[in-house]
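In what follows, a structure is listed as structure tokens, so that the remarks can point back to it.
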Amino acid sequence: MTSETPAAPARKLFLLDAFALIYRAHFAFSKNPRVNSKGLNTGAILGFTNTLVEVLQKEKPTHIGVAFDGPKKTFRHEQYAAYKAQRQAMPEDIGLAIPYIKQIIQAFHIPILLVEGYEADDVIGTLARRAEQQGFGEVYMMTPDKDYCQLVTDCVKIYRPAFMGNAAEILDVAHVLQRFEVERAEQVIDILGLQGDASDNIPGIPGIGEKTAKKLIQEYGSVENLIANVDQLKGKQQQNVREFAEQGLMSKELATIHLDVPIEFEADKLVLDQPDHEELRRLFDELEFRQLAARVLDGGSPAGVTGNVSPRAKNEKRKTNAGQGSLFGTPADAAVAIGAEEGETGSLGAPAGLRRTLEDVAHQYHLLDTPALRAELLKFLLLQTEVSFDTETTGLDTMTARLVGLSFCWLPGEAYYVPVPQADDAAAQALVDEFRPFFDAEHILKIGQNIKYDLTILKHYGVEIRGPLFDTMLAHYLLEPDMRHGMDVLAETYLHYTPVPITALIGPRGKNQKTMADLPPAQVSDYACEDADVTLQLKYVFEPLLKEVGLLDLLNEVENPLVPVLAAIEYEGVQIDSAAMGEYSAELQGYITELETQIYQEAGEEFNIGSPKQLGEVLFDKMDLGGKKIKKTKTGQYATGEEILSQLAADAPIAGLILEYRQLSKLRSTYVEALPQLVCELDGRVHTSFNQAVTATGRLSSTNPNLQNIPIRTEKGREIRKAFVPRDANHLLLAADYSQVELRIMADFSGDQTMIEAFRLGQDIHTSTASKVFRVPLNEVDSEMRRKAKTVNFGIIYGISAFGLAQRIGISRKEATDIIDTYFEEFSSVKQFMDDSINKARELEYAETLLGRRRYLRDINSRNATLRGYTERNAINAPIQGTAADIIKKAMINIHEWLRDEKLATRMILQVHDELVFDAPQEEVAYITPKIKELMATALLLPHGVPLEVEVGTGKNWLQAH
DNA sequence: CGATTCACG
DNA sequence: ACGTACGTGAATCGA
């Protein structure tokens, strides 16, 4: 009975401004466009639909309608030709999105409102006013557009949908009056009329901006009254208002939302209905909105948010929660604070320049500093299947850093920090031991950003993490290999969130640098929790992206499993014979001093030989060497590189001396002097860092020190390898090299039968190439021919040019051209392969390896010939170099696991692109040698079956092992 | 901090 | 007509 009286059910009407919401959603995704597998940009559709779903779920309206701008020009255009004139044409992506959006709205059984000749705001304004008159107590105009402020009344309010970290916002009369500093909402029109609106091309009055408009309207109440009292104004302002009075009035008129649109308000038609589930599912399938479908249609919570918690875990959590009302297990829907899962509130809207931070995002970060709380946390951790964690330490050097605390996160927006109770290593050890069940748990996926660091820290406390890993840094490396992968920029780009910079805690680099240990745990907690939280959310963003482009397997089967292998290699370190280095340093210094004297003598003066500038002046100005062959660098200095000096050396002895001086100085400063300084005090070994996310091709790189460029090509350089030794007299170094991997890969990819045959027969490939290129029988190939052929072979892999080849083997360009032509005649499939590689890259704008690793080549279609040429060479080289990297990475994983499973004492200690070095007990050498060979040769099988060969050597030092 | 040079694959 | 082989990292000089 009561339900039939109009006042009883609380009627709640939502009117959505479609275009305003669509535009906002579209531009929110413009930085990381979302594209489905058919190439449709779905950002606007997803954003809009998310907003719609959110309002349905959270606000539960009883009535709803979506307004679009009507067709044909509006009265505003007739009134003012420039209206919205400079606004750009609708982006094509939005045009394509609109039919889908309309279908989705229809599938929700929500009426679409549009009136010819009127814009959506007029329609919404008119309907809102009439709804109010018909007794609706709550009417919400859903829009991000501030023009609507003029319409706000006690019943009619603006609903600004949730916007990144900012929750949905309701603007009522009080808000509007405060924001525009006016007495009545209608005066918003006067403000807008005076200050104009650049985006709608409403001119306003020149010289009047936001501040002045507010002041003038406070004083005069309206544009009309201001004009009537223009005498009271002063100077330039008076002149402007006088001169542009008409423009001001017109602007006010343009800004006015018209409430007389010819449209009936029929409440019945706006009643919220059940959606057409089948139709929605069809649309979501086509658009590939998997998570949205799960959330809307399957009644599930967002998969990414709670999907990682097993049902049992959830029940457990709830029970415990109810029982003690504790910290753990906030209901998932309250935890969507900064989630960016498929257009979660977080990623919905983030116009450039608007960024969320810790301060304006809802989150629950907890500091757990009692044994009881830690025990409770551990209990919950063990119920999860995916947890992100982070270690806080006293520094970045893994060998010396000490643990300060651990943070964990398994629900977005909710994280826990456990500090080491006292600043001593025993306390840290005890804490790690307490959480050992978590690190040992095979069933938990451990997520981290640069997780190798955390693994290494934990190794120092005796923990070998088990179970699968997911590194967000590596995930992004696969998505965008040539970008940076730091957590802060990833959070900015993918979550529209700005993490607290570490410098805010420990200050800028330099002396007096604090560490995490110097700060109260409460302060570290937020930072640490944020890291774990952001990392978890990045994982949720990256995983579907990787899946879309087919890179998830590469991540899960190569990059992530390689992490513990690299951690082990780095942790193990390499034994360096510092004494031998010391002796050699002195020896080199002797040569260097001698060379210096001779050089000064030749030059007739003393100067800094290490300064290319001074050297150039001495050689080319004072000594007048070089003749016309003088080259300059791009900065206008004389070029004094190896190539130049070698040419000079024929008739100027000083050039040869300088080359030798340079070589020896390099050896001494970069290796002989530097390496012993990097020996770790704790174990007397050198620990390099292998970077897994720097190269564009998929190779590793090595820093601090770089152990991938230890000399070998010259006699004096090679000597340095004698100082790389096994751990003790009972061990040997074992070096295993792939022989000509890259050439084999190219032979296989091209399917060139001539070259494949040579490899199958186990021929020396350079001799074989020489025989073809110089058209002589194999046994007549001399060493000079072989040398040239070797250069050609390398050149091919790099994307050869006649000029480059001529330069390198010291022949004329004509001769080089002939050699290349003959090469392509003999190996015609190789030529085909090179052309195909370029064409494929032109099409895709990326090149890919055997395992699908991508290198984007966005300049491949450039009109700049130089740039294009460079990119074309990359199109040839990247798949080859990258596949070689894929292969050795797989081999490393397999060997590491085999050594571990066999409980062998042999340790992998280095990787140098096509070589692995092991420190092996002498008695294991015979057993491991064939197995290592086999595991390397079969790590990946090439499509055409070209075999991989591995050469193994052992010795008392790295030089002997070759 | 960029440019130059040179060590490696 | 133009510039010229792929991928790295470290030391050094000098603005």
Side-chain angles (χ1 to χ4, degrees), chain A residues 481-482 607-616 631-645 658-659 661-675 677-678 688-691 694-714 716-718 720-721 737-743 746 791-809 813 816 820 834 837 847 855 863-882 884-885 888 910-915 958:
Chain A
D482 42 19
F607 63 99
N608 186 347
I609 311 170
S611 162
K613 188 177 143 92
Q614 291 182 38
L615 177 63
K631 275 199 185 157
K632 299 236 174 157
T633 65
K634 44 183 168 243
T635 49
Q637 286 184 55
Y638 293 116
T640 66
E642 211 248 347
E643 242 171 274
I644 311 267
L645 294 188
I658 288 163
L659 281 171
Y661 170 91
R662 282 235 182 107
Q663 193 209 355
L664 301 186
S665 307
K666 178 92 174 183
L667 295 178
R668 206 176 91 91
S669 66
T670 309
Y671 305 100
V672 179
E673 282 293 294
L675 284 173
Q677 305 227 299
L678 289 161
T688 184
S689 301
F690 282 106
N691 201 326
V694 288
T695 71
T697 53
R699 277 188 174 181
L700 300 178
S701 86
S702 157
T703 57
N704 242 316
N706 180 354
L707 294 185
Q708 293 184 318
N709 71 345
I710 302 303
I712 193 169
R713 292 173 184 172
T714 66
K716 288 208 171 62
R718 222 162 14 236
I720 291 167
R721 295 200 167 208
D737 283 62
Y738 283 106
S739 93
Q740 287 113 23
V741 236
E742 296 193 355
L743 216 46
M746 199 209 57
T791 310
V792 175
N793 277 335
F794 277 110
I796 293 291
I797 291 170
Y798 299 149
I800 201 161
S801 79
F803 181 93
L805 184 67
Q807 189 102 26
R808 244 150 265 263
I809 53 184
R813 206 172 148 171
I820 292 171
M834 294 173 73
S837 300
R855 175 169 188 181
R863 266 85 62 213
N864 177 334
T866 310
L867 189 57
R868 189 177 60 243
Y870 172 72
T871 314
E872 286 173 355
R873 292 193 292 276
N874 277 325
I876 295 164
N877 178 262
I880 299 171
Q881 190 180 120
I888 197 166
L910 285 177
Q911 189 254 41
V912 194
H913 310 308
D914 63 355
E915 172 186 8
W958 197 4

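No hydrogens, no waters, no symmetry mates; every other heavy atom, side chains included, goes into these values. Every chain is numbered from 1, with letters handed out A, B, ... down the list of sequences.
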Exercise. Determine the stems involving DNA chain C; a stem requires 3 or more consecutive pairs of the Watson-Crick or G-U wobble kind, each with both distances below 3.5 Å, and the answer is none if no such run exists.
Key: B:1-9 with C:6-14

Practice problem: For A:Lys634 and C:dT4, give me the distance from atom NZ to atom C1', rounded to whole Å. | Solution: 13 Å

Quiz item: What's the CD1-C1' distance between A:Ile880 and B:dG9, to the nearest Å?
Solution: 14 Å

Quiz item: With sugar-phosphate meaning primed atoms plus P, OP1 and OP2, does A:Arg713 contact a base, only sugar-phosphate, or nothing at under 4.0 Å between heavy atoms?
Solution: base

Quiz item: Base, sugar-phosphate, or nothing for A:Glu642, non-hydrogen atoms under 4.0 angstrom?
Solution: sugar-phosphate

Quiz item: Counting just side-chain N and O atoms, does A:Tyr870 come under 4.0 Å of either OP1 or OP2 of C:dG7?
Solution: yes

Quiz item: So, is A:Thr633 near the phosphate of B:dT4, with a side-chain N or O under 4.0 Å from OP1 or OP2?
Solution: yes

Quiz item: Does A:Thr703 use its side chain to pair, donor to acceptor, with the backbone of A:Asn706 at less than 3.5 Å?
Solution: no

Self-check item: Option among A:Asn709, A:Asn691, A:Thr688 that satisfies the side chain to side chain donor-acceptor pair (under 3.5 Å) test with A:Ser702
Solution: A:Thr688

Exercise. Round to a whole Å and report the spacing from CD1 of A:Ile800 to P of C:dA5.
Key: 11 Å

Practice problem: Using the P atom as the reference point in each nucleotide, state the distance between B:dT5 and C:dT4 in Å, no decimals. | Solution: 14 Å

Quiz item: Which nucleotide, C:dA5, C:dG7, B:dA7, lies nearest any side-chain atom of A:Ser801?
Solution: C:dA5

Quiz item: Picking from B:dG9, B:dC8, C:dA5, which would you name as closest to the side chain of A:Thr791?
Solution: C:dA5

Exercise. Can you measure from CG (A:Leu707) to OG (A:Ser689) and round to the nearest 0.5 angstrom?
Key: 9.5 Å

Quiz item: Looking for any heavy atom pair under 4.0 Å, which part of the strands does A:Ile876 touch: base, sugar-phosphate only, or nothing?
Solution: nothing

Quiz prompt | Under-3.5 Å donor-acceptor pair between A:Gln708 side chain and B:dC8 base | solution = no

Practice problem: May I ask you to decide whether A:Arg699 forms a salt bridge with A:Glu742, counting only side-chain N to carboxylate O separations under 4.0 Å? | Solution: yes

Quiz item: Is any side-chain nitrogen or oxygen of A:Arg808 closer than 4.0 Å to OP1 or OP2 of C:dA5?
Solution: yes

Self-check item: Spacing of A:Phe803 atom CZ relative to C:dG3 atom P, expressed in whole Å
Solution: 11 Å

Quiz item: Closer than 4.0 Å, any side-chain N/O of A:Arg873 to the OP1 or OP2 of C:dC6?
Solution: yes

Practice problem: Under the side chain to side chain contact (heavy atoms under 4.5 Å, CB included) rule, what do A:Phe794 and A:Arg808 come out as? Steps first, then yes or no, please. | Solution: CA-CA 11 Å; A:Phe794 277 110; A:Arg808 244 150 265 263; over 6 Å; no

Quiz item: Looking at B:dA7, B:dG9, C:dC6, which one has an atom nearest to any side-chain atom of A:Val912?
Solution: B:dG9

Self-check item: Contact check, side chains of A:Pro711 and A:Tyr671, non-hydrogen atoms, under 4.5 Å
Solution: yes

Quiz item: Is the distance from OP1 or OP2 of B:dT5 to the nearest side-chain N or O of A:Arg662 less than 4.0 Å?
Solution: no

Quiz item: Taking atom P of C:dA5 as reference, at what distance in whole Å does atom CD of A:Gln881 sit?
Solution: 15 Å

Exercise. Determine the contact category for A:Gln663: base if any of its heavy atoms lies under 4.0 Å from a base atom, sugar-phosphate if only primed atoms, P, OP1 or OP2 are that close, otherwise nothing.
Key: sugar-phosphate

Quiz item: Tell me: CD of A:Gln637 to C1' of B:dT5, nearest whole Å?
Solution: 12 Å

Exercise. For nucleotides 8-15 of chain C, just jot down a letter per nucleotide in 5' to 3' order: B, S or -, based on protein non-hydrogen atoms under 4.0 Å.
Key: SBBSSSS-

Quiz item: What is the distance, rounded to the nearest whole Å, between atom CG of A:Asp482 and atom P of C:dC6?
Solution: 15 Å

Quiz item: Do any N or O atoms from the side chain of A:Asp737 and from the backbone of A:Ser739 form a donor-acceptor pair under 3.5 angstrom?
Solution: no

Practice problem: Indicate whether the side chain of A:Thr714 and that of A:Gln663 have a donor and an acceptor atom separated by less than 3.5 Å. | Solution: yes

Quiz item: Given atom CD1 of A:Ile658 and atom C1' of B:dT5, what is their separation to the nearest angstrom?
Solution: 13 Å

Practice problem: Give a yes or no on whether the backbone of A:Ile710 and the side-chain of A:Arg721 come within a donor-acceptor separation of less than 3.5 Å. | Solution: yes

Self-check item: Cation-pi geometry met for A:Lys632 and A:Tyr638 (6.0 Å, 45°)
Solution: yes

Quiz item: Using a distance-only test with no angle check, is there a side-chain donor-acceptor pair under 3.5 angstrom linking A:Arg813 and A:Ser801?
Solution: no

Quiz item: What's the closest nucleotide to the A:Leu659 side chain, out of B:dT5, B:dC6, B:dG9?
Solution: B:dC6

Self-check item: Among B:dC8, C:dT4, C:dC6, the one nearest A:Arg813 by side-chain distance
Solution: C:dT4

